[in-house]
Number of protein chains: 2
Amino acid sequence: MPKVSAAYKAARRDEIIDAALRCVQRDGYRGTSMAAVIAESGLSAGAIYGHFAGKQEILVAVAERVLAGRQADLEAARVDGQPLSPAALVSALVGGMRLEKATRVIPQVWAEAAVDPEIAEIAGRIFLRVHRLLRTELAAWAAAEPGRVDGDPGAWADLVVPAVIAAVPGFLVQRAILPQFDEDAFIAALPLVYRG
Amino acid sequence: MPKVSAAYKAARRDEIIDAALRCVQRDGYRGTSMAAVIAESGLSAGAIYGHFAGKQEILVAVAERVLAGRQADLEAARVDGQPLSPAALVSALVGGMRLEKATRVIPQVWAEAAVDPEIAEIAGRIFLRVHRLLRTELAAWAAAEPGRVDGDPGAWADLVVPAVIAAVPGFLVQRAILPQFDEDAFIAALPLVYRG
DNA sequence: GTCTATAATAGGATAGAC
DNA sequence: GTCTATCCTATTATAGAC
């Protein structure tokens, strides 16, 4: 029997993750100190370190939280009936991302992933899950549109998935960096450049 | 008359930028200390601070160096004669990027740009230059293919450029993060998903 | 301009009381 | 589990000799 309920523990963890998320959104991962997370959460050093071993472990939790949202978007976009074309899938993916408030956090996670294997593993896992979902959808679409795709639908889908998913980093990076970036115009343009 | 030749000064700066680039490529911006840059360059603290005011100013120089390469790629891809389609442009852009050895540096710059206005300004400037080049090319293509594009070619190009350029972050992020990422397959897939 | 040595401090993490 | 106070290393930047 744990000393405090698992629910309490989870709630505290969530508070801390919330606070850390706001810090990273505001100042980036590099610019976020433990002192900042402590202040933002309203808790104390002791409380934080009671739930996380250190700063890196907090980013792991933040990354899991934010990246898991992307997977949810995609599952929500699945419509029964006709499978989605490349253009429709890209729109669904980016459209979901549009609602994400933590606009600047994901690029921070990617930068850290490029250098920290544990973060890379988390980011890679999400990419792979999204890959699999897209692959299924695209293979079905290719099979239903035999005139448009050469060869085996599965092989075609495997090849094409990374190019389809690429729109997501493209959207997030431009949104995070360009002050005058127009989200709605970007989404409107997707069907004009992607096939399907 | 300066005490040392401008050429000497520039060469020293370049040495330092080279060293910093290797550090950031290896450890990320956050993981790179001034001590690391000093060791990597074989110089001393005094020498470094004689040429740069601090760490941030070195990243500015690194960012300028690496991002400027992207612009060069694109200018090299311009062929006289027929303007390039969206698919052809994306392939040219990503194909150029493929040769960039500093695979992990650009995501570091983007992450820092999300949080540091001076880095954002540099990254934004490069994006805008590439935007303009693409816009010209795409407007010409649209004008030459009247059946495929509705309305004014210039307006169409303005809308479409961000979606076309999005493939670049998509490529770089996946390459930096996914251990099994296949660059050649990605490039081969581009014509399959982009129109033109 | 560049070196060595060092100052100054920021930041991650822990100790011990409650 | 959480708080306050504090330790201690890592790190940026400077001072002064050459």
Side-chain angles (χ1 to χ4, degrees), chain A residues 1-63 108-109 111-112 115-116 118-119, chain B residues 1-24 26-63 108 111-112 115-116 118-119:
Chain A
M1 200 92 167
K3 295 183 180 174
V4 299
S5 79
Y8 176 85
K9 210 172 158 65
R12 251 302 129 87
R13 266 184 70 96
D14 270 354
E15 278 182 59
I16 296 166
I17 295 170
D18 284 345
L21 185 55
R22 288 193 295 274
C23 290
V24 174
Q25 167 68 16
R26 183 177 357 99
D27 303 320
Y29 180 60
R30 189 184 63 83
T32 296
S33 65
M34 288 301 285
V37 176
I38 290 164
E40 183 74 33
S41 67
L43 297 173
S44 65
I48 306 279
Y49 282 97
H51 293 270
F52 295 93
K55 185 179 168 179
Q56 192 244 23
E57 203 172 297
I58 296 180
L59 184 67
V60 168
V62 168
Q108 301 294 317
V109 171
E112 198 60 17
V115 111
D116 176 337
E118 192 173 348
I119 309 287
Chain B
M1 200 94 167
K3 296 183 177 176
V4 300
S5 78
Y8 177 85
K9 209 173 158 67
R12 251 302 129 86
R13 266 184 70 98
D14 270 354
E15 277 182 60
I16 297 166
I17 295 170
D18 283 346
L21 186 55
R22 288 192 296 274
C23 289
V24 174
R26 183 178 356 100
D27 303 319
Y29 180 60
R30 190 184 62 84
T32 295
S33 65
M34 289 301 284
V37 176
I38 290 163
E40 183 74 33
S41 67
L43 297 173
S44 65
I48 306 280
Y49 283 97
H51 292 270
F52 295 93
K55 185 179 169 180
Q56 192 245 24
E57 202 172 298
I58 297 180
L59 183 67
V60 168
V62 168
Q108 302 294 318
E112 198 60 17
V115 111
D116 176 336
E118 192 174 348
I119 309 287

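Each chain gets a letter, A, B and so on, in the order its sequence line appears, and its residues count up from 1.
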* Consider the side chain of A:Y8, meaning its heavy atoms from C-beta on, and name the nucleotide among C:dC3, D:dG1, C:dG1 that approaches it most closely. =>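 Nearest to the side chain of A:Y8 among the choices is D:dG1.
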* Kindly write out the residues that satisfy side chain to side chain donor-acceptor pair (under 3.5 Å) with B:R13, not counting sequence neighbours, or none if the list is empty. =>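 Once residues adjacent in sequence are excluded, B:R13 has no partner under the side chain to side chain donor-acceptor pair (under 3.5 Å) criterion.
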* **Partner residues of A:D116 under the side chain to side chain donor-acceptor pair (under 3.5 Å) criterion, sequence neighbours left out** =>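 Once residues adjacent in sequence are excluded, the partners of A:D116 under the side chain to side chain donor-acceptor pair (under 3.5 Å) criterion are A:Q56.
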Which donor-acceptor pairs under 3.5 Å do side chains of residues 16-23 of chain A form with protein atoms, sequence neighbours excluded?
from: A:D18; atom 1: OD1; to: A:R65; atom 2: NH1; distance (Å): 2.8
from: A:D18; atom 1: OD1; to: A:R65; atom 2: NH2; distance (Å): 3.3
from: A:R22; atom 1: NE; to: A:E40; atom 2: OE2; distance (Å): 2.7

* Measure the distance from CD1 on A:I48 to C1' on C:dG11 and round it to the nearest whole Å. =>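 Atom CD1 in A:I48 sits about 15 Å away from atom C1' in C:dG11.
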* Does anything in residues 18-38 of chain A reach DNA chain C, meaning a heavy atom under 4.0 Å, and if so which residues? ->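 Residues of residues 18-38 of chain A under 4.0 Å from DNA chain C: A:T32, A:S33, A:M34.
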* To do: Could you list by number each residue of residues 49-62 of chain B showing a heavy-atom separation from DNA chain C of less than 4.0 Å, or answer none if no residue does?
  =>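 B:H51 - these, ordered by number, are the residues of the stretch whose heavy atoms sit under 4.0 Å from the strand.
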* Quick one: does B:L59's side chain get under 4.5 Å of B:Q108's, heavy atoms only? ->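 No, every pair of side-chain atoms sits at 4.5 Å or beyond.
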Would you mind writing out the side-chain donor-acceptor pairs for residues 42-52 of chain A within the sub-3.5 Å range, not counting sequence neighbours?
from: A:S44; atom 1: OG; to: A:A47; atom 2: N; distance (Å): 3.4

* Considering non-hydrogen atoms only, spot the tightest contact between A:T32 and A:D27 and give its length. =>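 What the structure gives for the nearest pair is OG1-CB, 4.1 Å.
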* To do: Mind checking salt bridge (Lys or Arg N to Asp or Glu O under 4.0 Å) for B:E15 and listing every partner two or more places apart, or none if nothing turns up?
  =>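 Only B:R12 meet the salt bridge (Lys or Arg N to Asp or Glu O under 4.0 Å) criterion with B:E15.
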* Asked: Pairs in or reaching into residues 45-55 of chain A: which pass salt bridge (Lys or Arg N to Asp or Glu O under 4.0 Å), with residues at least two apart or in two chains?
  ->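 Non-adjacent pairs meeting salt bridge (Lys or Arg N to Asp or Glu O under 4.0 Å): zero.
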Distances under 3.5 Å between nitrogen or oxygen atoms of protein and nucleotides 15-18 of chain C:
none

